Amino acid sequence: MDKPFAITLDVGTSLANHTGSWRTNRPVYLSRKPPCNHQCPAGENIQAWLFLAESGNYEGAWRKLVEDNPFPAIMGRACYHTCEGACNRGQLDAAVGINSVEHFLGDQAIARGWKFIAPSVKSGKKVMVVGAGPSGLSAAYHLAMQGHSVTIFEAGPLPGGMMRFGIPQYRLPRDVIDAEVQRVVDLGVQINYNTKISNVLQAKQQGGFDAVFLAVGAHIAKRAYIPAGDSAHVLDAVSVLRSMEGEDKPLLGRKVVVYGGGNTAIDVARTAKRLGATESIIVYRRNREKMPAHDFELEEALQEGVLVKWLSTIKQAGESSITVEKMALDDQGFPQPTGEFETLEADSVVLALGQDVDLSLIDGVPGLVVQDGVVQVNAQMMTGHAGIFAGGDMVPAERNITVGIGHGKKAARNIDAWLRGTVYKPAPQAEVAGFEKLNTWYYSDAPKTVRPVLDIIRRQSTFEEVQGGLDESNALFEARRCLSCGNCFECDNCYGVCPDNAVVKLGPGKGFEFNYDYCKGCGICVSECPCGAIKMVPEEI
Amino acid sequence: MEQATVKFYQTGTFTVGNRLLAPEQRSVQAGPQRRNSLNSGHRACQGCGEALGARYAIDAAMAATNGQLIAANATGCLEVFSTPYPETSWQMPWVHSLFGNAAAVATGIAAAMKAKGRSEVRVVAQGGDGGTTDIGFGCLSGMFERNDDVLYICYDNEAYMNTGVQRSSATPPAARTATTMPVGPNPGNDFGQGKSVPLIAMAHEIPYVATATVADLRDLERKVTKAMSIHGARYIHIFVPCPLGWGAPSQDTIKLSRLAVESGIFPVFEAEAGEVTGVRKIRRQIPIEDYLRPQRRFAHLFGKHPDVATIARLQARADRNIRRFGLLGE
């Protein structure tokens, strides 16, 4: 004992005192699913690619994006971005402009010539895809990335399907489609144009294909019976939009009436305006609240001078005029005739009443079930005939490009598994990171950056792209508005706010871990995590 | 040293770190090699605001002095939970003497360092609100008056928590403690008593006085760093919620600090030579109820028959701070 007076013990560090034994709940890191990802029909990991874009790593962001969707530049223009409706930031100030950042990344990839990296190992399996629309191209891309040999059979002369023949140029310039499709072709995907498949089983056998993905879309315009004089000029929306791609633009006249309330009706009305119509009128049987078209498209159309005749049906079409009947909504919201009639001047009437699927290629395929005009598929996207899968507009689902691209990805994963003799099992879904999981105090205040919109006069007369892109500084700003819901973005809050220094910082990109020797389980890290990437769980006692 | 203007980087400087900021713009606490001057294994309660505030402040002071720092500590929670014999959580030279003499001990250390010609060694004194506003107040005022070269840091949790939540002169009106009226028409601490040591420190016209909270790390670190760049008597008053004494959930420590600032009841400002030179503006103003309601020490104000009059008096105190320090606006 060589110690001063009254000192009997050696001084030691408090590290000997493992305060973790006090704990009844422990914090754990987790990854929740951001609402945008949850909403995306193409299953994009939006939060992950925004995270990469935030630091200016645009190529990394683009590569993350194309793991799920090979067409960012197309998506950035033509996707209805329902992700933004789900965005938690919408409850704070305004949703993150996900679509505009995607647009920017897509354009960067084209400008800088980023290419897909083909897999080094080939499976030796051959897959036949029917239709070079969004769904077929998406499936072909994913199958090619999995090492399969893919051949697409396309009835038309050009790729893109409804992206080309359904969406007007002012929304989706054609060079964008060409650039993004070329990237898929560069992967080794063979596209045979002007090749209509009339018998799918025969084609499969002749080509020696191991599996088939059908994605022919829905191209046959629905008709409504309208008594029309011989001289009445009645067209359908599909053929009007399709003929926009050819040399001879459709002749619609000065006064054009479009019949229908979907996005296609609006596309035709806006196209008519650009072709020189003085009046472009949409006749729709219900009201604005009930209209299936997206409100922003309607808004843009109204700005361009398109008129809408609400609650009206066309009773008769003549040479230069039509007769419409006023409707009233009943208690169930269905339109009922009122017996009041009105005459509108019209040089042509374009019917935009929806489309049916051309099912001729699957006539007589055993096991395959068609119901309500669409092909029935199971959870693996496979039809009743083993080895034949289907997706896009020809199966029961909402019809838009993004859904089609999502079907292509899902089908490709299932086809890949089927070719290996297994069944694809999707990863278990994490819980969604709702707004209540966030601590939004920590995010800087920042309103949304709006993409420049083409001048109204030019929009009424030309087919130039209406919505421009963001420049780099704006895109970066927009990406950084992401709240990173449910996924750690390394803000160091947990590391800083722990009163017991029980959080270990592992370094950039590696995140953090808890030192449970000292964590007392106070839960400050959980309540101060901005993005909801930590939760408390009871200790097992 | 002014607050660096940070461009829009997702969270700016609200969070502890920010991977998008240049390393030199990041906080001390975000550093992977931070000192942890107050180390793990201390016996503070779960969610202790004082333990957090002490590490924030002393790490920043250590960084500012390149580790050449000695601390004198008053009796109180901080002393008790960090140094149960023979353990210590302090990774620095640290002295405890009595409850009331931390300022005087620090003055002595500073004088000794001066006598030895060790001008690079700096001194901090620290204590809770009891050791600062009540028991150690005479020594503190003397230290201010002599302008001794010491930074005194008070960790204010608004009562004597270590001994069982007795009232101090920093206890707010209406808050229940073990030594205030438990029942009657107006339970809890009286209105009109207590004192604001930051304002008293300013009256001494010492070089630097500041208030801070554990809810704004960047502001706290900046103020400590600034204080360490100045010689003479300096005083920083840090608001540190006490889950045990306030009857609040342990995970709400930082949230309560934030609500205290956003309601205006705790003004965050700094002053040089007796004049206010900067205030932290309220970002998202809240009514005082939002701050009071989560705390059981104010539970008697709510319940079936809310004590609207008392809540209004507390709101008036917050409003007075907002007027007096100009806490609203850009």
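Note that this is a predicted model, so its numbers are computed, not measured. In what follows, chains are A, B, ... by sequence order, proteins preceding strands, each numbered from 1.
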Side chains of P34(A) and N487(A): closer than 4.5 Å at any heavy-atom pair?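 Yes. Closest side-chain heavy atoms under 4.5 Å.
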May I ask you to test the F489(A)-Q10(B) pair for a side-chain heavy-atom distance under 4.5 Å? yes
Report which part of F512(A) has an atom under 4.5 Å of a heavy atom belonging to chain B: side chain, backbone, both, or neither.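 Contact with chain B: none, neither part.
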Heavy-atom cut-off 4.5 Å, strictly under: side chain, backbone, both or neither for T440(A) against chain B?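 For T440(A), backbone and side chain are both near chain B.
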May I ask you to name which of [options] has the most heavy-atom pairs under 4.5 Å with chain B?
| options | answer |
| --- | --- |
| A502(A), G523(A), A16(A), S444(A) | S444(A) |
| D445(A), N515(A), V526(A) | D445(A) |
| S484(A), C491(A), C494(A), S527(A) | C491(A) |
| R23(A), E528(A), H18(A) | E528(A) |
| C498(A), P530(A), G20(A) | C498(A) |

Please tell me whether N37(A) and Q47(A) have a donor and an acceptor in their side chains that are separated by less than 3.5 angstrom. no
Any side-chain donor near an acceptor of the partner, Q29(B) and Y495(A), under 3.5 Å: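 Their side chains do not contain a donor-acceptor pair, so the 3.5 Å distance test is not met.
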Looking only at heavy atoms, what is the nearest atom pair of M161(B) and C77(B), with distance?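 Where M161(B) meets C77(B) most closely, the heavy atoms are CB-SG, 3.8 Å.
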Quick one: of [options], who has the most non-hydrogen atom pairs under 4.5 Å with chain A?
| options | answer |
| --- | --- |
| P86(B), P243(B), P32(B) | P86(B) |
| R284(B), K255(B), R283(B) | R283(B) |
| S89(B), G49(B), S27(B), A51(B) | S89(B) |

Please check if atom NZ in K505(A) has more than 12 non-hydrogen atoms from other residues, nucleotides or ligands closer than 6.0 Å.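 Atom NZ in K505(A) is packed in, count exceeds 12.
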Can you confirm whether H96(B) is buried at NE2, in the sense that more than 12 heavy atoms of other residues, nucleotides or ligands lie under 6.0 Å from that atom?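 More than 12 heavy atoms, drawn from other residues, nucleotides or ligands, come within 6.0 Å of this atom.
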Under 30°, 30 to 60°, or over 60°: which ring-plane class applies to W246(B) and Y291(B), parallel, tilted or perpendicular? perpendicular
Tell me, for [X] versus chain A, whether the close heavy atoms (under 4.5 Å) come from the side chain, the backbone, both or neither.
| X | value |
| --- | --- |
| R55(B) | side chain |
| R26(B) | neither |
| L217(B) | neither |

Residues E472(A), Y58(A); criterion side chain to side chain contact (heavy atoms under 4.5 Å, CB included); working and verdict: CA-CA 10 Å; E472(A) 190 197 326; Y58(A) 304 126; 2.9 Å; yes
